[in-house]
Amino acid sequence: MSTTSRPTAPPVVVVMGVAGTGKTTIGPLVAEALGLPYAEGDDFHPAANVAKMSAGVPLDDADREPWLDAIGAWAHGRAGRGGVVSSSALKRSYRDRLRAAAPGIVFLHLTGDRELIEERMAARKGHFMPTALLDSQFATLQPLQEDEAGVSVDVSGTPEEITGRAVAALRRLTR
C-alpha cells in the first residue's frame, strides 16, 4: 500500500506587532517570497479610526471590532488559497476573533526593542500613527501564546534579513 501526501494549502498569514515594527514593509516582502497576495491592514480601518489615531487617541476594543471583522472576512475569503495581511493583532482576543473568522490562520509576530521601533516610527513620513501612541501599543500587546499557530521574528536588520528569517520560520511552521 502506498501513501501519497496531498500538497498543503498555502496559509493565510497575519503579520502582527506594535506600530513601527515594519508590518507594511515586511508583509509585502513575505507575500512576494511565498507567492501570495498581500492586503494592507490599515486599509481596513474605518475613517473614524484613522481620525482618532491621527489625533493621538488610542483605539478601544469597540473601535477595533469592525476593523478586525473586515480583516477576518478578507482572510476567510483567502482560505485554501493563502494570503498575507497586516494587523497589529495585539491582544489574544483580537487574534481569537480573526481565527474565528478564518480558522487555520497563522501569525507572524514582528518583535523588537522599543527604542529601535520608536526610531523607525519617527522616520516614517505620512503615516497616521504618531509615536505618542507607542506606549499604549506596548501596554496592550499580549505576545503569541504556546497554543497559537505562529512565529515571532525580531525586526533588527534589513528588511531582506527580516523577511528571510520570517519566511524560513513560516515554512518550518506550515510544513
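All values reported here derive from a predicted model rather than from experimental measurement.
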- [ ] Indicate whether the side chain of Thr24 and that of Glu40 have a donor and an acceptor atom separated by less than 3.5 Å.
- [x] yes
Task: Electrostatic pair Arg64:Asp69 at N-O distance under 4.0 angstrom - done: no
Open item on the list: So does Leu90 get a backbone contact from the side chain of Arg95, meaning a donor-acceptor N/O pair under 3.5 Å?
Closed with: yes
Task: Main-chain N/O of Asp43 paired to Trp67 side chain as donor or acceptor, under 3.5 Å - done: no
Task: Any Val167 side-chain heavy atom under 4.5 Å of Arg171 side chain - done: yes
- [ ] Walk me through it: do Leu110 and Met16 pass the test side chain to side chain contact (heavy atoms under 4.5 Å, CB included)?
- [x] CA-CA 6 Å; Leu110 300 179; Met16 64 168 281; over 6 Å; no
- [ ] Check for a donor-acceptor pair, side chain of Arg99 on one end and backbone N or O of Gly104 on the other, with a separation under 3.5 Å.
- [x] no
Open item on the list: Taking the side chain as everything from C-beta on, heavy atoms only, tell me whether Val155 gets closer than 4.5 Å to Thr111.
Closed with: no
Open item on the list: Within the 4.5 Å heavy-atom criterion, are Val14 and Leu108 side-chain neighbours or not?
Closed with: no
Open item on the list: Restricting to non-hydrogen atoms, name the atom on Ile162 and the atom on Ser156 that form the minimum distance, rounded to 0.1 Å.
Closed with: CG1-O, 3.7 Å
- [ ] Taking all heavy atoms of Ser87 and all of Ile71, pick out the closest pair and write down the distance.
- [x] CB-CD1, 3.7 Å
Open item on the list: Just so I know, are the side chains of Val84 and Pro37 near enough to count as touching, which here means a heavy-atom distance under 4.5 Å?
Closed with: no
TODO: Can you spot which of Val15, Leu98, Val13, Val151 makes a side-chain contact (heavy atoms from CB on, under 4.5 Å) with Phe107?
DONE: Leu98
Task: Joint hydrophobic cluster, Val153 plus Leu141, side-chain heavy atoms closer than 4.5 Å - done: no
TODO: Could you please spell out the steps behind the side chain to side chain contact (heavy atoms under 4.5 Å, CB included) verdict for Val106 and Val12?
DONE: CA-CA 6 Å; Val106 174; Val12 174; over 6 Å; no
- [ ] Could you list the residues that satisfy side-chain hydrogen bond (donor to acceptor under 3.5 Å, both in side chains) with Glu115, not counting sequence neighbours?
- [x] none
Open item on the list: Starting from Phe138, can I reach Leu116 by hopping between I/L/V/M/F/W/Y residues whose side chains sit under 4.5 Å apart?
Closed with: no
Open item on the list: What's the separation between atom CD1 in Ile117 and atom CD in Gln137, rounded to the nearest 0.5 Å?
Closed with: 9.5 Å
- [ ] Would you name the heavy atoms of Ala102 and Gly72 that are closest together and state the gap between them?
- [x] CB-O, 4.2 Å
Task: Donor-acceptor pair, side chain of Glu65 and main chain of Ala62, under 3.5 angstrom - done: no
TODO: Assess whether side chain to side chain contact (heavy atoms under 4.5 Å, CB included) is satisfied between Lys52 and Asp60, documenting all intermediate values.
DONE: CA-CA 10 Å; Lys52 196 170 183 178; Asp60 60 28; 4.0 Å; yes
Task: Donor-acceptor contact present, side-chain Asn49 to main-chain Leu59, <3.5 Å - done: no
Open item on the list: Testing the basics here: between Arg165 and Asp154, what is the closest heavy-atom pair and its distance to 0.1 Å?
Closed with: NH2-O, 2.6 Å
- [ ] Kindly give the heavy-atom pair with the smallest separation between Leu36 and Gly83, and that separation in Å.
- [x] CD1-N, 3.7 Å
Open item on the list: Distance alone, cut at 3.5 Å: any donor-acceptor contact between the side chains of Tyr38 and Ser86?
Closed with: yes
TODO: Applying side chain to side chain contact (heavy atoms under 4.5 Å, CB included), name anything that partners Pro159, two or more places apart in sequence or on another chain.
DONE: Thr25, Ile26, Leu29
Open item on the list: Do Val30 and Val85 land in one hydrophobic cluster if side-chain heavy atoms of ILVMFWY residues count as linked below 4.5 Å?
Closed with: no
Open item on the list: Looking at Asp61 and Lys91, is there a salt bridge between them, counting it only when a charged N and a carboxylate O are closer than 4.0 Å?
Closed with: yes
Task: SB check Asp42 Lys23 (cutoff 4.0 Å) - done: no
- [ ] Search all heavy atoms of Thr140 against all heavy atoms of Ser136 and return the closest pair with its distance.
- [x] OG1-O, 2.8 Å
Task: Inter- and intrachain pairs under side-chain hydrogen bond (donor to acceptor under 3.5 Å, both in side chains), touching residues 72-84, at least two apart - done: none
